[in-house]
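Single-structure report; data block below.
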Amino acid sequence: MANTATLDDASERRRVRAALLNKVCGDEDMFALGSSVARVVQMASSDDQGTHDLAYYVLSDVALTQRILRLANTVKYRTASGTSVTTISRAIALLGFDNVKTTALAMLLVDALGSSEHVYSVRVELEASLCASLVGREMARHSFYQGAEEASIGALFKNLGALLVASHAHERYREINALSAGARHTPAQAAQMILGCSYDALSEAVLAEWQIPDVILRAQRALPEGMLKTALNRGEWMRQVASFSLDVARLLAHGAEPAGSAQAQALLARYGNALNLDGRQLDDLFGTVAREMSALLRSMRLEPLPRPQAGSDSENGGLPNVLLLATLGNGEEEQGSHPSGKPKNARELLLAGVQDVTQLRASGQGKVNDVVRAVLETLYTALGFRFATVVLRDPRAGQFRARVSFGAAQAGQQAGFAFSTVSSRDLFHLAMENDADLMIADAASPKIRDLLPAWHKRLLPDARSFIVLPLVVGKAQLGLFYADRALPAPEGVPPDETALIKALKGQVLAALSGS
C-alpha cells in the first residue's frame with residue numbers, strides 16, 4: 001500500500017522532523033546520551049588503544065562495570081576452569097571487543113530511557129532494540145565482510161526512532177500503534193501520518209545529530225518491499241541485517257515458539273536468499289538469540305515487566321474519574337449500527353480528512369484559518385455531528401469564543417458559545433487544564449451534567465453526546481474544538497479513529513503555533 005499521507009513537500013518533511021528532533025535531542029540528558037553513544041561507537045577495535053579506551057570507559061561507570069562483569073560470568077562465557085571474571089580487560093578478551101562495545105551502547109540506552117514514566121511502552125521498545133543487536137551480532141559471526149561486527153550496532157539503533165517516541169512523545173506513539181494495529185497501515189506509514197517521518201528516518205536523523213558514522217546511518221534506511229537480493233557491498237548487507245534483526249526481535253517478543261510459524265516463513269521468503277539463510281539456520285538463530293537475550297536481561301537485572309494496568313500510563317491526572325473514562329482512546333472498538341448518526345465509515349472519512357489537511361499544509365498555500373476550517377469540517381462530516389465549532393481565546397474580552405461553526409442553526413449557537421477564561425471546575429476548563437481529549441457518549445449522565453456549565457445547558461439543552469478537543473501548546477490554552485449530537489453515542493471512538501482525530505488536531509496546533 002502506498003503511503004497516501006506522505007508529505008509532498010520535502011521542506012515540510014524536514015520541518016516536521018526537525019520539531020521532533022528538537023524535542024527528543026534538546027534536553028541535557030539526551031545530549032549526554034548522544035555524546036556517550038558517539039564516544040563508544042568511535043572507539044576503534046584495530047589496536048590495543050581501542051581496547052584500552054573501551055576498558056577505561058567501562059571502568060569509569062561503576063554500574064556499567066558490574067553489568068559487563070555479570071554478563072562475562074554467565075554460563076555461556078564462563079571459562080572451563082570456572083574462574084570468575086573480575087576485570088574488564090578479561091571481560092573484553094572473553095566476550096570480544098565488539099560484544100562489549102555493543103553491550104555498553106545497549107546499557108546506555110537502558111540507563112537513559114529505562115526510567116521513563118511510560119515504563120511499559122519504553123521497555124517493549126528497549127527489549128526489541130537489545131534483541132535486534134543480538135541478532136545482528138549472530139549474523140556478523142557468519143559474514144565474510146571485514147568489519148561485519150558493526151551490524152550489531154546498526155541493528156541496535158534500528159529501533160531508536162520508536163524507542164525515542166515512546167519515551168518522549170508517548171501520545172504520538174500510542175496513535176501510531178493504533179493506526180498500524182489494524183494491518184491497513186504499516187508502522188512506517190502510520191509514523192509518517194502522525195509524525196511527518198517514518199521511524200527509520202527519525203532513527204537516522206537522531207544518529208546524524210549524534211555524529212554516528214555514515215555506514216551505521218545508512219543501515220537505518222528502509223528496504224524495498226518483497227524478496228531481497230544479495231547485497232553488493234557491506235553497507236547494503238548491514239542495511240538488510242538491521243531490518244532483519246528488528247523483524248526477528250518483534251517475532252521473538254510475542255513469546256510463542258516462532259520456528260516453522262507463518263511469520264518465520266515470511267521472514268525466510270523476504271530475507272533468506274539475501275542473507276543465505278534456510279529454515280534450520282533460522283531455527284538455530286531463534287534459539288541462540290532467545291538464550292542470549294535471557295542472559296543479557298539478567299546481567300542488567302531487568303525483571304520481567306508486568307502488563308500495564310488500565311490508566312497506569314496515562315497523563316490525565318487531575319481529571320474526575322467520569323472524565324477519565326471519557327478520554328478518547330479508552331474504549332474498545334465496537335461493531336454494529338450507530339443510531340447516534342455517526343457514519344459507519346467514520347475511519348475512512350477521517351483518514352481522507354487527514355490526507356487533505358496534510359497536503360494543504362505541505363503545499364504552503366493553506367493559511368491557519370484554512371487549516372482550522374478543514375479540520376472542523378472533517379470532524380463535522382466524518383463523525384456525524386449536528387453542530388461543530390472551534391473556540392479560540394479572545395484576550396481582550398477575557399473569553400473563549402466560537403469563531404467558525406458548521407451545522408443547523410449554527411449562527412445563533414456560535415454567537416452564544418462563549419465562556420470566561422477564568423478557570424472553573426467545569427468540563428471545558430478541566431479538559432483544557434489537563435489537555436484531555438474527551439468523547440462524552442451520554443451527556444444526560446448525572447455526573448456529566450454536574451460538570452456542564454450553566455451557559456452550555458441553556459444554549460444546547462438537547463446535546464446528548466459531544467466531543468471536546470482542547471488546543472493547548474505548552475501551558476497556553478488556545479481554545480478547543482466542540483461538536484455535538486442530539487442522540488447518545490454508545491458506540492464510542494475506537495483507537496484507529498482516535499489516532500486520526502488526534503492527527504487532525506495536531507495539524508491545527510502546528511498551524512496555530514507557527515511550527
Side-chain angles (χ1 to χ4, degrees), residues 16 19-20 22-24 26-27 117-118 165 167-176 178 194-196 311 313-320 322-330 354 357 361 368-369 371-376 378-379 388-405 417-440 451-453 456 466-484 493 498-515:
V16 173
L20 186 56
N22 184 61
K23 184 173 184 180
V24 301
D27 65 276
E117 60 183 305
H118 308 293
V165 173
S167 176
H168 286 73
H170 192 254
E171 282 304 309
R172 305 293 82 79
Y173 173 81
R174 291 180 60 195
E175 292 163 16
I176 292 166
I194 300 301
L195 303 177
D313 221 5
S314 171
E315 294 182 349
N316 291 314
L319 282 173
V322 65
L323 296 190
L324 283 174
L325 293 174
T327 302
L328 283 178
N330 267 2
V354 170
V357 176
R361 296 202 65 225
V368 173
N369 287 343
V371 174
V372 170
R373 191 182 297 272
V375 169
L376 184 65
T378 297
L379 294 172
T389 188
V390 62
V391 178
L392 297 176
R393 178 186 287 269
D394 182 350
R396 287 188 293 182
Q399 286 185 319
F400 290 102
R401 301 187 64 85
R403 300 295 181 88
V404 182
S405 303
F417 206 109
F419 57 96
S420 173
T421 56
V422 177
S423 178
S424 175
R425 190 74 180 171
D426 64 51
L427 182 145
F428 296 99
H429 283 104
L430 286 168
M432 285 190 290
E433 288 167 6
N434 291 274
D435 195 15
D437 299 328
L438 303 176
M439 174 63 213
I440 304 302
L451 290 167
L452 287 175
H456 183 274
F466 58 88
I467 192 171
V468 177
L469 306 176
L471 298 173
V472 179
V473 176
K475 297 293 184 180
Q477 298 173 15
L478 305 181
L480 55 84
F481 282 102
Y482 169 90
D484 67 24
V493 182
T498 295
L500 292 168
I501 291 169
K502 289 179 178 291
L504 285 168
K505 190 182 85 164
Q507 293 283 3
V508 172
L509 288 173
L512 288 172
S513 62
S515 60

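Because the structure is predicted, anything quoted here is derived from the model rather than measured.
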Distance (rounded to the nearest 0.5 Å) between [X] [atom1] and [Y] [atom2]:
X: Asp435; Y: Glu171; atom1: CG; atom2: CD; value: 8.5 Å
X: Leu438; Y: Leu427; atom1: CG; atom2: CG; value: 5.5 Å
X: Arg172; Y: Leu195; atom1: CZ; atom2: CG; value: 8.5 Å

Exercise for review: Could you walk me through whether Leu469 and Leu379 pass the side chain to side chain contact (heavy atoms under 4.5 Å, CB included) test, one step at a time?
Suggested key: CA-CA 11 Å; Leu469 306 176; Leu379 294 172; 3.8 Å; yes
Give me the atom names and distance for the closest heavy-atom approach of [X] to [Y].
X: Met439; Y: Ile467; result: SD-CB, 4.2 Å
X: Ala511; Y: Val368; result: O-CG2, 3.4 Å
X: Gln477; Y: Phe400; result: O-CE2, 3.6 Å
X: Leu480; Y: Pro470; result: CB-CA, 3.9 Å
X: Leu451; Y: Arg425; result: CD2-O, 3.8 Å
X: Val404; Y: Leu376; result: O-CD2, 3.4 Å

Residues in side chain to side chain donor-acceptor pair (under 3.5 Å) contact with [X], at least two apart in sequence or another chain:
X: Glu433; value: Ser423
X: Thr378; value: none
X: Thr389; value: Ser405

Exercise for review: Go through the steps to decide whether Ile501 and Phe481 satisfy the test side chain to side chain contact (heavy atoms under 4.5 Å, CB included), and finish with yes or no.
Suggested key: CA-CA 11 Å; Ile501 291 169; Phe481 282 102; over 6 Å; no
Exercise for review: Could you tell me if the ring centre of His429 sits under 6.0 Å from that of Phe419?
Suggested key: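 For His429 and Phe419, the ring centres are under 6.0 Å apart.
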Exercise for review: Output, in order, the C-alpha distance, side-chain angles, deciding distance and verdict of side chain to side chain contact (heavy atoms under 4.5 Å, CB included) for Ile440 and Val468.
Suggested key: CA-CA 8 Å; Ile440 304 302; Val468 177; 5.7 Å; no
Check your understanding: Angle class for the His456/Phe428 ring planes (parallel below 30°, perpendicular above 60°, tilted otherwise)?
Key ->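 His456 vs Phe428 ring planes: tilted.
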Check your understanding: Knowing that exactly one of Val372, Val390, Val391 qualifies, which makes a side-chain contact (heavy atoms from CB on, under 4.5 Å) with Leu471?
Key ->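 Only one of Val372, Val390, Val391 forms a side-chain contact (heavy atoms from CB on, under 4.5 Å) with Leu471, namely Val390.
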Exercise for review: Give a yes or no on whether Arg403 atom CZ has more than 12 heavy-atom contacts from other residues, nucleotides or ligands under 6.0 Å away.
Suggested key: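 Above 12, so yes.
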Exercise for review: Dump the intermediate steps for side chain to side chain contact (heavy atoms under 4.5 Å, CB included) on Thr498 and Glu175, then the final yes or no.
Suggested key: CA-CA 7 Å; Thr498 295; Glu175 292 163 16; 5.9 Å; no
